[in-house]
Amino acid sequence: MATGDTVLSHDSLIRRPEGLGIALTVPWYRSLWLSSVSDVRVSVEGREIPEDDLRVELGGRTYRVAELADQWDVLWFIQDRLVVVVPLAEPPAEGQEVDVEVTVDLRLPYMQIAPQVYVTNHASDRRSLVAHGGSR
Amino acid sequence: MTTTLPARVAAPAVEGSGIRLGLTLYSLTSEWAAGRYDLAGLLDVVDAAGIGPGIEIVASQTIRTYPEVTPEFVRAWRDAFDRHGFVPSSFGCNLDMGRRRDRDMTPDEEYEFTVTQFRSAHALGFPLVRIQSAKPELIRRLLPVAEELDLTMGWELHAPLGPNSPKVLEIRETYAEIDSPRLGFVADFSSTMHAMSPTILRKLARMGLEQQDLEELQRIWATDADINARHGEFVQYLHTRGIAPESLGSFARLAFNMHGHVDPAEWADIMPQIRHVHAKFYDIDEHGDEPAIDYPAIVREFVRGGYSGFFSSEWEGHAFADLDEADPVDLVRKQHDLIRRSITAALSDPPH
């Protein structure tokens, strides 16, 4: 995957007591303000998770997807991972393979087309990945 | 408090020319984003490969506290530069006008946000800031700050535009009115490509385009219509083939706005105002040439035009290639060889 469509990496799936943590890479070449993230959608084993059930963690803080648009002062540094927490009735076992698809929509804040209209990037990544790590 | 790094000067790439070599750390975007290196480690790799001494950054990519720098960051940066003998070349600013969702930045906010980056650039010892907005009122306001911090402002001239595109002619007029030696251009060789890069064609093939589709894309690319018209024509073609344009993500559009086909001779029209160069490239073939960018022809313009400054290698293959599909460090080393060879040829071939 190239800079603009890489969302997942081989070690993205983290086991969590409440289900699954999915560590996301910025699908762009630079760091972006969290307000630049227009949407995050997640499917696990082909089942789309309702947006209200997702939580997004960065730098020790937790947000709902809908709250990201207001975070214009929080930088998602390109080397940091945004962890999307997905509640699952049965968290995956260590080493279990899980099919996940994550879509991230960006609004690039320095590429203005017209007042309040910016170039967007739509990045979608589907992979079967091994869940790892203990509960945190 | 403003302190200045001791001025270090890079040697010419080839005796008798003013072209100096280096790279933008942006060339290693994929490795950086994957967390392979911290900044010190990345600079170690550059030094070990001998692909300095000019170092350029995109601030929003390199600096965790962007748009500011912390005293600790500045100290570590200076230590590394002293250790390696690097020379800061260009600090890439961004203007994040759409940072807020409820409104765009006000002119005052645009000014403040940019000044913060100018101060960061100065603290890190950069002589030049790459700017992306050349609004006359903003430029006029920034000029005294550039004077105070001893910075040159270079507006980046990038594909699909060229030195004589209407938008660029407007900026040239603004520059002529203000008439300051602190205003110039960063010339990006994406403007003057003679073909589409094989790297993006390979990516589009992987995404499902067939040979006939790639040929049609290249045919449309080579016409002179503006980027929206060419992109529109290609989207229309995709529909006739039953291919959903969305299936190509942003790559069909990037094909047009990352590859320009202006004649390299046009660089001569603004040569005295070119203060820095993004030596854009995507690949180096088995003959040591860039398959889509005619380095010998471009370098000849810069040597004849008396350009003095950096050719900052910008490998942008990571926009289309996967991590580890190519080795950017090895490619930059080969591209430096190509640039040196092109300079030597230009110096021994004076204009008739």
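Just so we're on the same page: letters track the sequence lines, and every chain starts at 1.
Highest contact tally toward chain A, considering only B:Ala34, B:Gly317, B:Ala33, is held by B:Ala33 [criterion: heavy-atom pairs under 4.5 Å]. Counting heavy-atom pairs closer than 4.5 Å to chain B, the top-ranked of the candidates A:Tyr110, A:Tyr29, A:Trp33 is A:Trp33. Options B:Asp102, B:Thr65, B:Asp38 differ in how many heavy-atom pairs under 4.5 Å they form with chain A, and the most are formed by B:Asp102.
If you take OH on B:Tyr66 and CD1 on A:Ile78, they are separated by 12.5 Å, rounding to the nearest 0.5 Å.
Surrounding CZ of B:Arg206 are more than 12 heavy atoms belonging to other residues, nucleotides or ligands, all under 6.0 Å away. More than 12 non-hydrogen atoms from other residues, nucleotides or ligands lie less than 6.0 angstrom from CZ of B:Arg103.
Contacts with chain B (heavy atom to heavy atom, under 4.5 Å) involve these residues of residues 113-120 of chain A, listed by number: A:Pro115, A:Gln116, A:Tyr118.
Only the side chain of B:Phe113 comes within contact range of chain A, with at least one heavy atom under 4.5 Å from a heavy atom of that chain. Residue A:Ser9 does not touch chain B at all, counting heavy-atom pairs closer than 4.5 Å. Residue A:Leu75 touches chain B through its side chain alone, counting heavy-atom pairs closer than 4.5 Å. Contact of B:Ser60 with chain A is made through backbone and side chain together, with heavy-atom distances under 4.5 Å. Neither the backbone nor the side chain of B:Leu254 comes within contact range of chain A, judged by heavy atoms closer than 4.5 Å.
B:Arg100 has no carboxylate O lying under 4.0 Å from a charged side-chain N of A:Asp70, or vice versa, which leaves the two without a salt bridge.
The heavy-atom pair separating A:Phe77 from B:Gln61 by the smallest distance is CE1-O, 3.6 Å. Across all non-hydrogen atoms, the minimal contact from A:Ala2 to B:Ala319 is CB-O, 3.1 Å. What you find for B:Arg99 and A:Ser35 is that their closest heavy atoms are O-OG, 2.6 Å. Taking each heavy atom of A:Asn121 and B:Ser250 in turn, the nearest pair found is OD1-OG, 3.4 Å.
In the model, A:Arg30 has no side-chain atom that pairs as donor or acceptor with a side-chain atom of B:Thr62 under 3.5 Å.
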Verdict with supporting geometry, A:Thr6 and B:His318, side chain to side chain contact (heavy atoms under 4.5 Å, CB included): CA-CA 11 Å; A:Thr6 301; B:His318 54 77; over 6 Å; no

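Annotation: side chain of B:Arg101 is in contact with side chain of A:Ser38 (closest heavy-atom distance under 4.5 Å). Side-chain atoms of A:Gln112 and B:Asp96, non-hydrogen and from C-beta on, never get closer than 4.5 Å to each other.
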